[in-house]
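Scroll down for the structure; my scribbles are underneath it.
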Amino acid sequence: MDIAINTGNSKYHVDKNGYYGRFGGAYIPEMLYPNVEELQTQYFQILSDPSFQQEFDALLRNYVGRPSPLYLAQRLSEKYQANIYLKREDLNHTGAHKINNTIGQILLAKRLGKTRIIAETGAGQHGVATATVCALMNMECVVYMGSIDIERQAPNVARMKMLGATVVPATSGSQTLKDATNEAIRDWINNPIDTHYILGTASGPHPYPDMVARFQSVISEEIRKQLKEQTGSELPDYLIACIGGGSNAAGTFFHYLDEPSVKIVAVEAGGKGVHSGFSAATTQLGHLGIIHGAKTLLMQTSDGQIIEPHSISAGLDYPGIGPMHAHLYETGRGQFLSATDDEALAAAYELSKLEGIIPAMESAHALAKLKDLPLQKSDNVVLCLSGRGDKDLNTYISHMTK
Amino acid sequence: MQNRIDQLFAKKPNGVLNIYCTAGFPELNSTLPIMKSLQDAGADVIELGMPFSDPLADGPVIQDSSTLALKNGMSIPVLFQQLEGFRKEIQVPVILMGYLNPVMAYGIEAFCKKCSELGIDGVILPDLPMAEYESEYKTLFEEHNLHFIFLVTPETSEARIRKIDSLSRGFVYAVSSSSTTGKDKDMGDQSAYFKRLKNLQLKNPILIGFGIKDKKTFDAAAANANGAIIGTAFIKAVAESKDINKTIKDFIGSIR
């Protein structure tokens, strides 16, 4: 396993102070300092431990079902006139890439002697992945979820409850993902000794962005091997992933950041259009600020109040972006595009009909940009299909009948 | 001029009562009348909250007051307008408490300059890391005679408390338990922590906050420190009040 690979010489990975360029850091109240410091001083050591890696590896293989296939999508390739490979994170247990991180973090929590797990969730995917590993490890699990999201995502709420988790509605602020995250952080402040916070995305205070990226880096580690087997080269011409906070994107890009020949494309949620007032395209609409303990780009008013974003996909509906991605954007290492709700829906219907795969609404945003890239017939394109579309059926059905 | 916080502790080393209230709550223009009432009723320090959409360290009562204040139209520029000339009426030390993001949006340097012009004495920004304060902002705050006040908790190590004490000006804000504001945790078992703090003989005075809500808790905290801070209980009282001036008088009276 490469989760503890030394990235010290890379200008795209985290530096020793927890920053990516001018982004990152740990902007947290003193009440959280001992918890975050414990993680800062211990996470890398724990990840480097061969017995930890063995346990992580075995669970990913035997429980999650890894490696996930790298699938050359023939009809999609024909349509876009390039070799398009789909990294099938949708085939993981619980239906998305989220479980890679929750497996890693629960093993870490055990090593830190924690007995209680908290998490935030938007669409419910990370909540389900957390509830799943808590059941597996027999740990108490409390998931915070915005009360509006609880209404929108009833099946996932039921899943979490069936797995034994307590789902607590976040009733403050805008009652969605950012508020669920606030509530989880407040819980952690109030329960500093026994509780580990399994943050689901590549954001939050250092070391979360790097830690989550490392647990998700199994995605790009596998891509390198699989692509080599299938094409003779580890390096694709393009890597494409959707991005909200940026966990699947971080995993997809991780082992390619220092390969300049690989073009990195991140697709944000454009909502009803970037300048419609209903968007979640953070790099285009955001400014430097602090959200959930990270200095990064975020959508805010001129007075520094955080704006509630909009996307048809609850998983991309986040007003910030992980600090690693803010840095990739600012340095130009990554190209950041956005797909509207309508483009994503069309891409989801298209993949379903062409390949027999119903993608998650989030992943459909990445698919939606295939049409906008200047692809050559010989290009090898790897797109992270981060999740499956079961959870989005209601959305898909309601738009089919329109 | 000597900072008003230092003047206060020089004159009154014990039993200092600091009241927190959210600017723009319950109405946009409540800020100044409430400050005036607090001073008249005998509060020693006024801590004005600059409302933020995502206040991580606050419990539901202060959060709700912030949400309402934002809805009322409060912002840092609006607050600064309201505070124009307030020193003609208010003599007690005034501290601004808030989160880093709105202050960054205003511009940290411009913020310090404006605070100094208006006659603000101190600032609390719980999510500004100590290391970043030291390397980037310490000189700026000190040049503007603005005291930067740090928090310590029962979990803060002695070495870190000493470091915090060396960087803090005015006083050190001792959080009574590891919690968000307004949590009703038992103060009884905190006395060991308060004594430990006292025995460290810090250069700064100590005010205890979080969980102080009435005479009993105030006296318990004040016995072990230079005074205490009341926030949530005060916001609750104001939220339920029909006559804010009278409520404030009664509230402070019940603690003194």
Side-chain angles (χ1 to χ4, degrees), chain A residues 17-19 22 24-38 170-175 177-195 204-206 287-296 298-308 319-320, chain B residues 50-60 62-64 66-67 70-71 73-79 98-107 111 124-132 135 150-157 160-161 164 172-175 177-183 185 210:
Chain A
N17 299 316
Y19 284 82
R22 62 182 179 133
Y27 295 80
I28 48 164
E30 187 64 25
M31 293 79 86
L32 275 181
Y33 182 82
N35 285 356
V36 170
E37 194 209 17
E38 180 182 39
T171 54
S172 62
S174 50
Q175 306 179 14
L177 177 57
K178 83 175 171 71
D179 308 284
T181 309
N182 292 338
E183 289 304 328
I185 293 175
R186 289 185 186 114
D187 180 310
W188 210 22
I189 288 175
N190 285 297
N191 299 285
I193 310 289
D194 63 344
T195 298
H206 174 66
H287 302 280
L288 187 68
I290 309 285
I291 182 168
H292 300 136
K295 186 183 270 183
T296 188
L298 66 124
M299 292 167 56
Q300 52 183 314
T301 65
S302 58
D303 297 329
Q305 308 298 337
I306 297 177
I307 290 174
E308 184 59 20
Chain B
M50 302 177 283
F52 180 44
S53 54
D54 296 76
L56 283 184
D58 287 305
I62 292 183
Q63 269 179 65
D64 288 350
S66 297
T67 306
L70 289 173
K71 227 164 103 189
M74 183 44 72
S75 65
I76 292 178
V78 170
L79 175 61
Y99 292 82
L100 185 53
N101 198 59
V103 177
M104 269 174 75
Y106 189 89
F111 177 84
I124 303 174
L125 298 173
D127 55 349
L128 175 60
M130 185 167 73
E132 184 158 328
S135 62
F150 285 94
L151 275 57
V152 301
T153 80
E155 260 66 63
T156 311
S157 69
R160 191 168 163 85
I161 293 176
I164 285 171
V172 167
Y173 189 142
V175 176
S177 63
S178 284
S179 74
T180 42
T181 52
K183 273 263 164 180
K185 288 200 174 174
F210 288 30

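Here is the naming used below: chain letters follow the sequence lines, and residue numbers restart at 1 for every chain. Scope of the values below: all heavy atoms of this structure, side chains included, with no hydrogens, waters or symmetry mates.
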Inset, instruction - Go through the steps for B/Arg160 and A/Glu37 under the test salt bridge (Lys or Arg N to Asp or Glu O under 4.0 Å), then give the verdict. - result: CA-CA 12 Å; B/Arg160 191 168 163 85; A/Glu37 194 209 17; over 6 Å; no
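- Residues that satisfy the salt bridge (Lys or Arg N to Asp or Glu O under 4.0 Å) test with B/Asp54, not counting sequence neighbours, are A/Lys178.
- Residues A/Gln305 and B/Pro102 are in side-chain contact: their nearest non-hydrogen atoms beyond the backbone lie under 4.5 Å apart.
- For A/Ile291, no part lies under 4.5 angstrom from a heavy atom of chain B.
- The two residues B/Leu151 and A/Glu30 have their closest heavy-atom pair at O-CG, 3.3 Å.
- Between A/Ile290 and B/Met104, the closest side-chain pair of non-hydrogen atoms falls below 4.5 Å.
- Heavy atoms of A/Ile193 lying under 4.5 Å from chain B belong exclusively to its side chain.
- With a 4.5 angstrom heavy-atom cutoff, B/Glu155 touches chain A via backbone and side-chain atoms both.
- Under the 4.5 Å side-chain criterion, counting only non-hydrogen atoms from C-beta, B/Pro55 is in contact with A/Arg186.
- For A/Tyr27, the parts sitting under 4.5 Å from any heavy atom of chain B are the backbone and the side chain alike.
- Of all non-hydrogen atoms in A/Ala26 and B/Pro129, the two that sit nearest each other are O-CG, 3.5 Å.
- When A/Glu183, A/Gln300, A/His292 are compared by the number of non-hydrogen pairs under 4.5 Å with chain B, A/Gln300 comes out ahead.
- Side-chain N or O atoms of B/Thr153 include none that pairs as donor or acceptor with a backbone N or O of A/Met31 at under 3.5 Å.
- Only the backbone of A/Ser302 comes within contact range of chain B, with at least one heavy atom under 4.5 Å from a heavy atom of that chain.
- Under the salt bridge (Lys or Arg N to Asp or Glu O under 4.0 Å) criterion, B/Asp64 pairs with no residue, sequence neighbours left out.
- In terms of heavy-atom pairs under 4.5 Å with chain A, the best-connected choice from B/Pro60, B/Pro126, B/Pro51 is B/Pro126.
- Atoms CG and CG, from A/Leu288 and B/Asn101 in turn, are 8.5 Å apart once rounded to the nearest 0.5 Å.
- By number of non-hydrogen pairs under 4.5 angstrom with chain A, the leading residue of B/Val175, B/Thr67, B/Leu128, B/Leu70 is B/Leu70.
- When heavy atoms are compared at a cutoff of 4.5 Å, B/Val78 does not approach chain A at all.
- Residue A/Asp303 holds its CG atom at 12.5 Å from CE of B/Met50, rounded to the nearest 0.5 Å.
- For B/Tyr106, no part sits under 4.5 Å from any heavy atom of chain A, backbone or side chain.
- In this structure, the portions of A/Ile306 lying under 4.5 Å from any heavy atom of chain B include both its backbone and its side chain.
- Looking at B/Ile164, the atoms closer than 4.5 Å to chain A (heavy atoms on both sides) all sit in the side chain, from C-beta outward.
- The most heavy-atom pairs under 4.5 Å with chain A, out of B/Ser157, B/Ser75, B/Ala131, come from B/Ser75.
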